[in-house]
Amino acid sequence: VQPENNSNELKYELSNSDDFFKNYVTDIYYKANMNIAKYMADNSGIDSSVIFINKALEIKPDSKEARQLLQKTEQSRSKSN
């Protein structure tokens, strides 16, 4: 994990190892991205919300929660247009 200078982005690299700490840290990054996405969706940051949902899906592509939030967010976006 490496923070970027002057960036709000969470930076990480996924490895192929399957150990406890890697899984723990990966889960933390998934939850952080989902929490930011939910906050942005609730506070009129639809475009930003989609970005963070997609980042969460990069970490856990099979996440039902993230896919549902993406669908809900996309519906909100189409209603506001």
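Since the model is a prediction, treat every value here as computed from it, not as a measurement. As a basis for the values below, the full set of heavy atoms in this structure was taken, side chains included, without hydrogen atoms, waters or symmetry mates.
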Nearest heavy atoms of [X] and [Y], plus distance in Å:
X	Y	result
Ser49	Ala37	OG-O, 2.8 Å
Ala66	Tyr30	N-OH, 4.0 Å
Ile46	Ser76	CD1-CB, 4.1 Å

### Task
If a pair satisfies salt bridge (Lys or Arg N to Asp or Glu O under 4.0 Å) and one of its residues is in residues 31-52, list it, with sequence neighbours excluded.
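Residue pairs with at least one partner in residues 31-52: Asp27-Lys31, Lys38-Glu65, Asp47-Arg77.
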
Enumerate, atom names and distances included, each donor-acceptor pair closer than 3.5 Å involving a side-chain atom of residues 67-74, sequence neighbours excluded.
{"unit_1": "Arg67", "atom_1": "NE", "unit_2": "Pro61", "atom_2": "O", "d": "3.4"}
{"unit_1": "Arg67", "atom_1": "NH2", "unit_2": "Pro61", "atom_2": "O", "d": "2.9"}
{"unit_1": "Thr73", "atom_1": "OG1", "unit_2": "Leu69", "atom_2": "O", "d": "2.7"}

### Query
Residues two or more places apart in sequence or in another chain: which of them pass side-chain hydrogen bond (donor to acceptor under 3.5 Å, both in side chains) with Ser48?
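In terms of side-chain hydrogen bond (donor to acceptor under 3.5 Å, both in side chains), with neighbours along the sequence ignored, Ser48 is linked to no residue.
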
#### Entry: Cluster overlap Leu57 with Met34, hydrophobic side-chain contacts below 4.5 Å
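Result: yes, single cluster for both.
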
